[in-house]
Amino acid sequence: MRTQVAIIGAGPAGLLLSHLLAVGGVDSVVIETRTREYVESRIRAGILEHSTVELLESVGLGARLRREGDEHRGIYLQWPAERHHIDFHELVGRGVWVYGQTEVQKDLGQARDAAGQQVVYDVRDTTVHDPAEPYVTFTADGVATRLDADVVVGCDGSFGPTRSAVPGQTWQRTYGYSWLGVLAAVAPSTDELIYAWHPDGFALNSMRSPTVTRLYLQVPAETDIAEWSDERIWDALATRLGHGQDGWKLTRGPIMEKSVLPMRSFVQAPMRHGRVFLAGDAAHIVPPTGAKGLNLAVADVALLAPALVALLREKDPRLADEYSDRALRRVWRCTHFSWWMTTMLHASDDPFDAQLQLSQLRWVASSTAGATGLAENYAGLPIGF
Ligand SMILES: Cc1cc2nc3c(=O)[nH]c(=O)nc-3n(C[C@H](O)[C@H](O)[C@H](O)COP(=O)(O)OP(=O)(O)OC[C@H]3O[C@@H](n4cnc5c(N)ncnc54)[C@H](O)[C@@H]3O)c2cc1C
């Protein structure tokens with residue numbers, strides 16, 4: 001097989017990149033280890049930044065999002081006995097959209113189908129060869145296949161093989177806790193997300209649709225999900241989110257899915273080696289507190305697609321040469337914001353830290369300067385920031 005751009009991974013970064021390349025007149029083939037059904041039902045992120053929505057709309061991927069997604073003006077910040085609304089629209093003139101990653105993935109899949117895009121699912125043994133004249137080998141339906149390309153892009157997430165084909169420096173931070181994420185078949189108890197600091201641990205009340213609630217609890221790293229019955233989860237959520245506080249009630253419902261998400265920060269640089277590029281989680285991971293992972297993946301490919309179009313169609317390497325540095329500027333900004341939100345909101349055993357966190361939360365909730373910093377980062381900086 002031969003194509004201009006071989007894309008490894010059919011997550012949001014990979015499928016969106018193939019879409020943007022097609023808009024620019026560049027061919028690609030996408031390969032993916034999982035089945036399409038698995039990829040489209042994977043419960044992950046659900047908050048889209050303003051610039052992510054604008055980009056999706058600009059390439060014909062915004063119709064269902066506008067119809068079924070929910071625009072939020074801001075978030076609530078909470079600690080025991082207090083809840084404050086941070087109004088992003090008022091502070092920075094833009095908000096965020098609640099629209100599940102599963103839905104983004106389905107929209108991308110349908111758009112790629114309509115364009116006749118080749119996406120090979122269920123492959124095995126993906127290997128990237130020769131960064132100067134790259135090709136990818138893999139097995140599909142038991143047949144060993146070689147895919148030659150002008151460029152290979154690793155959109156293969158944090159455990160994919162492309163990262164190791166791109167030598168460079170790495171930075172990482174682990175946190176001593178994880179999130180227990182729950183998807184419940186019940187209408188959200190809140191109009192906008194509630195980020196709650198509590199001495200028992202952080203809790204987040206999010207949502208995916210008018211009938212589906214997404215909730216998270218801070219739990220110790222390495223937590224065994226079997227230790228958390230549905231009842232224990234709801235009790236902890238009720239305590240940490242302040243059920244009964246000022247008349248607010250957390251409505252319980254059937255839990256459809258629960259899983260433990262490790263929290264870590266990771267950045268690899270550069271995001272390019274020869275003609276092999278990295279985008280999305282393949283190059284960087286953020287803890288989900290700032291809702292940045294999916295948005296960063298989108299921002300990377302929004303920079304990479306025009307760079308590859310210029311490189312392959314006009315033989316102009318300038319944008320491709322700048323890609324890694326430009327993408328990493330935004331990656332580090334979001335890495336800092338995600339770390340900041342995480343360390344401000346998660347309980348530790350240190351009582352001094354707890355006082356600092358509460359002081360920080362009070363400042364953010366009461367000072368326009370503090371709230372604006374949060375709003376600007378959460379609603380999202382421009383893609384080329
Ligand atoms: C388990 C998990 C839960 C998350 N939950 C949240 C959340 O609750 N809130 C939030 O804001 N963010 C969350 N995130 C972050 C967000 O979902 C990611 O940042 C986003 O999916 C990044 O998109 P991506 O396309 O770069 O990577 P991915 O979505 O990971 O896509 C990478 C794709 O590459 C494929 N792949 C891997 N190896 C190979 C191979 N060898 N050959 C071919 N294909 C391969 C994978 O199967 C996958 O489909 C979560 C991430 C993970 C991993």
Side-chain angles (χ1 to χ4, degrees), residues 3-32 36 39-40 44-71 94-119 150-151 153-155 271 277-282 291-314 316 319-320 322-323 326-327 330-331 334 379-385:
T3 186
Q4 288 177 290
V5 181
I7 300 174
I8 305 177
L15 284 193
L16 181 59
L17 178 62
S18 74
H19 187 91
L20 298 176
L21 288 173
V23 169
V26 168
D27 293 333
S28 63
V29 170
V30 184
I31 63 164
E32 164 62 52
R36 180 167 177 171
V39 171
E40 290 187 353
R44 290 188 174 176
I47 304 294
L48 304 185
E49 288 176 1
H50 182 78
S51 54
T52 297
V53 173
E54 277 190 334
L55 176 80
L56 293 175
E57 282 196 310
S58 72
V59 290
L61 293 164
R64 197 162 71 92
L65 193 169
R66 284 274 175 201
R67 224 173 33 246
E68 296 176 22
D70 190 16
E71 190 177 11
R94 57 186 192 275
V96 292
W97 282 73
V98 172
Y99 192 64
Q101 184 167 329
T102 47
E103 307 317 300
V104 173
Q105 192 77 47
K106 283 176 205 148
D107 293 347
L108 283 165
Q110 277 171 18
R112 300 321 301 131
D113 286 346
Q117 172 70 44
Q118 194 173 3
V119 184
D150 297 319
V151 163
V153 183
C155 297
M271 291 166 63
F277 293 77
L278 296 174
D281 276 17
K292 288 287 164 249
L294 172 59
N295 293 296
L296 265 183
V298 168
D300 283 354
V301 298
L303 289 179
L304 185 55
L308 295 182
V309 170
L311 180 71
L312 299 175
R313 293 202 58 181
E314 292 143 34
D316 180 350
L319 288 177
E322 288 170 11
Y323 164 69
R326 289 189 71 200
R330 200 173 195 284
V331 166
C334 294
L381 291 154
I383 278 179
F385 171 82

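Please read all numbers here as calculations on a predicted model, not as lab measurements.
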Does a side-chain N-to-carboxylate-O contact under 4.0 Å join Glu49 and Arg94? no
Using a strict cut-off of less than 4.0 Å between a Lys/Arg side-chain nitrogen and an Asp/Glu carboxylate oxygen, indicate whether Asp281 and Arg44 qualify as a salt bridge. no
Set of residues satisfying side-chain hydrogen bond (donor to acceptor under 3.5 Å, both in side chains) with respect to [X], sequence neighbours excluded:
X	answer
Asp107	Arg64, Tyr99
Glu57	Arg66
Tyr323	none

Gap between atom [atom2] of [Y] and atom [atom1] of [X] - 0.5 Å precision:
X	Y	atom1	atom2	value
Leu48	Gln101	CG	CD	9.0 Å
His50	Glu71	NE2	CD	8.5 Å
Asp70	Trp97	CG	CH2	7.5 Å
Glu103	Glu40	CD	CD	9.0 Å

Got a sec, which pairs hit side-chain hydrogen bond (donor to acceptor under 3.5 Å, both in side chains) with one end in residues 22-31, sequence neighbours left out? Ser28-Gln117
Close side-chain approach of Leu278 and Val153, heavy atoms under 4.5 Å: no
What side-chain donor-acceptor pairs closer than 3.5 Å can you find for residues 8-18, not counting sequence neighbours?
from, atom 1, to, atom 2, distance (Å)
Ser18, OG, Leu15, O, 2.9
Ser18, OG, Arg112, NE, 3.1

Applying the side-chain contact (heavy atoms from CB on, under 4.5 Å) test to Ser58, which of Leu55, Leu56, Leu61 qualifies? Leu55
Just do the side-chain contact (heavy atoms from CB on, under 4.5 Å) check on Asp150 and Val26 with the steps written out, would you? CA-CA 11 Å; Asp150 297 319; Val26 168; over 6 Å; no
Any donor-acceptor pair under 3.5 Å linking the side chain of His19 with the backbone of Val59? yes
Ignoring hydrogens and angles, tell me if any N or O in the side chain of Asn295 forms a donor-acceptor pair with the backbone of Ala379 under 3.5 Å. no
Residues 296-310, side-chain donor-acceptor partners within the protein, below 3.5 Å, at least two apart:
from, atom 1, to, atom 2, distance (Å)
Asp300, OD2, Gly280, N, 2.8
Asp300, OD2, His284, NE2, 2.6

Where Arg330 and Ser51 come nearest, the two heavy atoms and their spacing: NH2-OG, 3.7 Å
Begin from the C-alpha positions of Thr52 and Val104 and carry the test side-chain contact (heavy atoms from CB on, under 4.5 Å) through to its verdict. CA-CA 11 Å; Thr52 297; Val104 173; over 6 Å; no
